[in-house]
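Proteins come first, then strands; the chains are lettered A, B, ... in the order of their sequence lines, and each starts at number 1.
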Amino acid sequence: MPELPEVQTVVATLAPRIVTRRIGRVELLRDDIVHPCGFDLAKALRSKTVQSVSRRGKRIVITLVGDEQFYVHLGMTGRLTIDPPSAQIIKHTHLILHFDGFDVRFRDPRRFGGVWWLGQQSADAGMGPEPLDLRPAELHRRLAKTTRAVKNALLDQRLVAGLGNIYVDEALHAAHIHPLTPADQLSADAVGRLSRAIKATLRRAIRHRGSTLRDYLDADGAAGGFQRLHRVYDRAGHPCHRCNTPIERFVLGGRSTHFCPNCQPADRRPRRRVSRRRTRA
DNA sequence: GTCCATGTTCTTTA
DNA sequence: CTAAAGAACATGGA
């Protein structure tokens, strides 16, 4: 479930615990989560000290003293948590890094996530720019290269890195853009709104420590709070907070897509706005 | 049993 | 050849 705000929150909770700390024993309980396949991760990490923890797109990048690095991708259900060494090892725990006094454990039931050893390589390969420092003109240039629906284009990590199903739906609503709009047909004005909407949505989500719908927890085991502020995601049939029109849901590229038919019209220009922002609680 | 899920990548189709 | 659409991956919860 983790998109940029959730990954950022994991990095923020993990970094202060492990930076400058030394990894002791490494337990790899399931070796097919390691890439490249067959790489001896335990050997590479044992007795190494963590220099930094950062984020690139949805990747959690851990750099060791000596500048070798690896990244963890949480996939759909992955968690990277700090646990007491005495904690029971629950099902689907695939990797344990033993530090002095605590463990860092990677658990991922669906195993869409994993650990990628980079060595001296950068974590940038195949990644688009970071959305939080992407200029509108650059976003416009990138969107203009594809006829795909803007929602599909924004989910493409090579076009821009870090957005997923939740935040694309939320940002398109904030920008008043229909998800099926061909990416290359967006006006400069629309891309300007989209650029601001993406940044504002991500910043708010980070401030609220991400969204927990089902599986996501940060490194301290804490859930996010942004799901309570979603305007469209998982709100099909509920009134739009801006205009009270029921939010609609359809499937696009195998992903559920949520939008307000009044605020995000397919063709026509203007829209109605109702003064009331919220229905009673 | 059925459907659905915060992601990515491979395969198929146009 | 390229771009876009679909299927596949694996598990669990409603």
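The CD-C1' distance, from A:Glu3 to B:dG7, rounds to 9 Å in whole Å. For A:Arg148 and B:dA14, the CZ to C1' distance is 16 Å, given to the nearest whole Å. One can place CG of A:Asn165 at 10 Å from C1' of B:dA5, the figure rounded to the nearest angstrom. Here the P atom of nucleotide B:dG7 and the NE2 atom of A:His35 are 17 Å apart, to the nearest Å. Rounded to whole angstrom, the span from the CZ atom of A:Arg214 across to the P atom of B:dG7 amounts to 13 Å. Rounded to whole Å, the distance from CH2 on A:Trp116 to P on B:dT8 is 9 Å.
In this structure, A:Lys91 reaches the sugar-phosphate backbone alone: every heavy-atom distance under 4.0 Å involves primed, P, OP1 or OP2 atoms, never a base. A:Tyr233 comes within contact range of the sugar-phosphate backbone alone, with a heavy-atom separation under 4.0 Å but no base atom that close. Contact annotation for A:Arg59: no contact, since no heavy-atom pair falls under 4.0 Å across all strands. Among the atoms of the strands shown, only primed sugar atoms or phosphate atoms (P, OP1, OP2) are found under 4.0 Å from some heavy atom of A:Gly164.
For C:dG12 and B:dT9, the C1' atoms lie 22 Å apart once the distance is rounded to whole Å.
Distances shown here put every side-chain N or O of A:Arg255 at or beyond 4.0 Å from the OP1 or OP2 atom of B:dA5. Here A:Gln157 does not reach the OP1 or OP2 of B:dG7: none of its side-chain N or O atoms lies under 4.0 Å away.
When all heavy atoms of A:Pro129 and A:Val160 are compared, the pair lying nearest together is O-CG2, 3.5 Å. Scanning all heavy atoms of the two residues, the minimum distance from A:Gly210 to A:Pro5 falls at CA-CB, 4.2 Å.
Using the six-membered ring where Trp is involved, A:Trp116 and A:His73 have ring planes that are perpendicular, over 60° apart on the 30 and 60° scheme. Using cut-offs of 30° and 60° on the angle between ring planes, the pair A:Phe102 and A:Phe99 is parallel.
Remark on DNA chain B: of its neighbouring residues A:His73 and A:His258, the 5'-side contact belongs to A:His258, judged by nearest-heavy-atom nucleotide.
When ring centroids are compared, A:Phe39 and A:His35 stay outside the 6.0 Å threshold. Between A:Phe259 and A:His178, the distance from one ring center to the other falls under 6.0 angstrom.
A heavy-atom distance below 4.5 Å is not found between the side chains of A:Arg231 and A:Asp169.
Mapping heavy-atom proximity under 4.0 Å, the span of DNA chain C touched by chain A runs 5' to 3' from C:dA4 to C:dG13.
In DNA chain B, stems built from 3 or more consecutive Watson-Crick or G-U wobble pairs, each with both distances under 3.5 Å, span B:2-5 with C:11-14, B:7-14 with C:2-9.
In this structure, A:Gln157 contributes its side chain and A:Gly57 its backbone to no donor-acceptor pair below 3.5 Å.
Here the options are A:Arg30, A:His94, A:His92, the test is side chain to side chain contact (heavy atoms under 4.5 Å, CB included), and the partner is A:Asp108; only A:His94 passes.
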